[in-house]
Every structure is written in structure tokens, then in C-alpha cells.
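See structure below.
No hydrogens, no waters, no symmetry mates; every other heavy atom, side chains included, goes into these values. As the structure lists them, so they are numbered: ligands from 1, and atoms in each ligand from 1.
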Amino acid sequence: MLKNKARICVFVSGGGTNLQALIDAQKSGIIKNGEIVLVLSSNREAYALERAKKADIQGVSVVKKEFASQLDFENKVIEILEENKIDLIVLAGFMTILTEHFTSKYPKRIINVHPALIPSFCGKGFYGLHVHEAALSYGVKVTGATVHFVNEIPDGGEIILQKAVKIRKGDTPEVLQRRVMEQAEWKILPKAVELVSKDIAKNK
Ligand code: GAR
């Protein structure tokens with residue numbers, strides 16, 4: 001029987017190593033109930049767009065500061081998602097805020113990867129390297145990554161998967177960031193995408 005896969009759009013802003021993990025997981029069959037059909041970048045220079053191109057996935061840039069308001073920006077994004085019949089949105093290092101206007105349109109259809117064990121080191125201001133700086137300066141011995149559904153509360157939606165990563169003596173934020181990506185983010189993000197895609201595909 002021909003399967004209806006969930007149509008996935010990955011939102012990116014930078015290097016796109018999590019996008020790469022998703023592309024690789026699709027190739028290796030870890031993701032089988034979903035298909036990445038679009039990559040949406042908030043930054044025209046994002047290396048993630050190169051990764052999409054290499055994988056033959058359509059890429060589009062929507063830059064917030066080119067719009068008169070947050071509302072206009074979000075409406076443009078919604079228009080693109082509707083045109084492409086997107087079922088699932090994956091925030092993979094997406095650094096632009098999305099308000100309730102956007103998130104309320106996609107309940108349980110937006111997931112995010114956060115580089116800490118929520119509810120630690122999350123919410124407003126905790127993104128990218130800042131998260132690892134905060135974990136090191138607090139002195140925690142274990143950190144990790146979380147994949148969760150996105151709602152109107154920053155990093156506040158239901159948790160899907162988490163994985164812990166040990167902090168080592170002498171870690172810098174950069175070294176820790178890399179370990180959290182390798183040991184946690186690149187593993188649990190594809191798994192969570194498959195879990196949610198399976199659910200969407202079942203009802204499609
Ligand atoms: C990742 O570590 C991701 O968890 C983080 O940004 C990095 C993006 O890297 N996201 C956040 O901090 C969101 N709050 P990538 O572009 O190489 O995937």
C-alpha cells in the first residue's frame with residue numbers, strides 16, 4: 001500500500017547540523033513516515049541552505065527585518081507552508097521568535113530541539129552557545145538536549161524526547177555544544193520527527 005508521508009518543513013537560521021542529521025536519517029530509513037519537502041531559513045546566508053540544495057530539497061529565505069511587522073512576517077511564513085501543504089514544522093536551530101499568532105495555527109505540529117534538559121536553561125534568552133555558557137557557569141554535572149512540541153510559551157510545550165550528556169572537566173561552551181549535538185541532538189531529533197510523522201501519516 002502506498003503510504004501518505006507527513007510533509008515536513010525544517011526551519012533553520014545557521015549551520016544546519018541538525019538539518020543534516022534529519023537528511024541523513026531520511027536516507028538511512030530512521031525517518032520513514034515523513035519527508036522533508038522544504039527548508040525555510042530566517043537568514044539568506046545560512047549554510048543550512050547549502051545542505052538543503054545538496055540534498056535536492058527546496059530552500060526558501062524569509063527574513064523578518066524585511067517585513068513591516070512580526071505579523072506580516074508570520075503571515076508570509078504561513079502562506080508558504082500552506083502553498084507547500086506542510087504537515088509538520090521542525091525548528092532546527094531557528095533563531096527567530098514565533099508568536100502565538102503562528103504557533104496556535106499548528107497545535108502539536110511544531111517541534112523544536114533545545115540544547116539543554118528542559119526545564120533547565122531554557123526560555124527567553126537561552127539559545128545557541130548561551131545555553132552551554134549558562135550550564136557551565138552554574139556548574140551542573142549533566143546537561144543534554146530536549147525535543148518538545150512548540151506552543152506560545154518559549155520552550156514550554158510538551159516534551160517528546162530527552163537525552164542526558166555528561167559535562168567534563170575543562171569543557172568550554174564550544175566543546176560542550178559539540179558534545180551535546182553529537183551525543184543528543186542529532187540522535188533524538190530524527191527519532192522524535194519519526195514518532196510525530198508516524199502519527200500524522202496514520203491519520204492522513
Ligand atoms: C543547536 O544546538 C540547537 O539546539 C540550538 O541551536 C543550534 C543550531 O545548530 N537551538 C536553540 O538554541 C533554540 N533555542 P545547527 O544549525 O547546526 O542545527
Check: Between the main-chain N or O of R44 and the side-chain N or O of S41, is there a donor-acceptor pair closer than 3.5 Å?
Finding: no

Note to self: Would Q20 count as a contact residue for ligand 1, given that I'm defining contact as a non-hydrogen atom of the residue lying under 4.0 Å from a ligand atom?
What the structure shows: no

Note to self: I'd like to know if the side chain of D87 and the backbone of R7 have a donor-acceptor N/O pair within less than 3.5 Å.
What the structure shows: yes

Notebook entry, point to check: Counting N and O atoms only, with roles assigned by atom type, does the side chain of E74 sit under 3.5 Å from a partner on the main chain of T99, one being a donor and the other an acceptor?
Noted result: yes

Checklist line | Under-4.0 Å heavy-atom contact with ligand 1, by part of F126 that carries it | finding: backbone

Item checked: Polar contact flag, side-chain donor to acceptor under 3.5 angstrom, E152-S104 -> no

Checklist line | Residue and atom name of the nearest protein heavy atom (relative to atom 6 (O) of ligand 1), distance in Å to one decimal | finding: M95 CE, 3.3 Å

Next item on the list: Could you tell me whether the side chains of N75 and E79 share a donor-acceptor contact shorter than 3.5 Å?
Entry: no

Item checked: I118 backbone acceptor or donor facing Q162 side chain under 3.5 Å -> yes

Check: To which of G16, G93, G14, C122 does the heavy atom nearest atom 16 (O) of ligand 1 belong?
Finding: G16

Check: Which residue supplies the protein heavy atom nearest to atom 14 (N) of ligand 1, what is that atom called, and how far is it?
Finding: H114 ND1, 3.5 Å

Notebook entry, point to check: Among all protein non-hydrogen atoms, which one is nearest to atom 12 (O) of ligand 1, and what is the separation to 0.1 Å?
Noted result: G128 N, 2.8 Å

Notebook entry, point to check: Would you say N18 and ligand 1 have an N/O pair spaced under 3.5 Å apart?
Noted result: yes

Notebook entry, point to check: Can you find a non-hydrogen atom of V113 under 4.0 Å from ligand 1?
Noted result: yes

Note to self: Regarding ligand 1, does T17 bring an N or O atom to under 3.5 Å of one of the ligand's N or O atoms?
What the structure shows: yes

Check: Tell me: protein heavy atom nearest atom 9 (O) of ligand 1, and distance?
Finding: M181 CE, 3.3 Å

Notebook entry, point to check: Got the closest protein heavy atom to atom 4 (O) of ligand 1, with its distance?
Noted result: E185 OE1, 2.7 Å

Check: Okay, side chain of D171, backbone of I167: is any donor-acceptor separation there less than 3.5 Å?
Finding: no

Check: Would a 4.5 Å heavy-atom cut-off, applied to side chains only, mark V113 and H148 as touching?
Finding: no

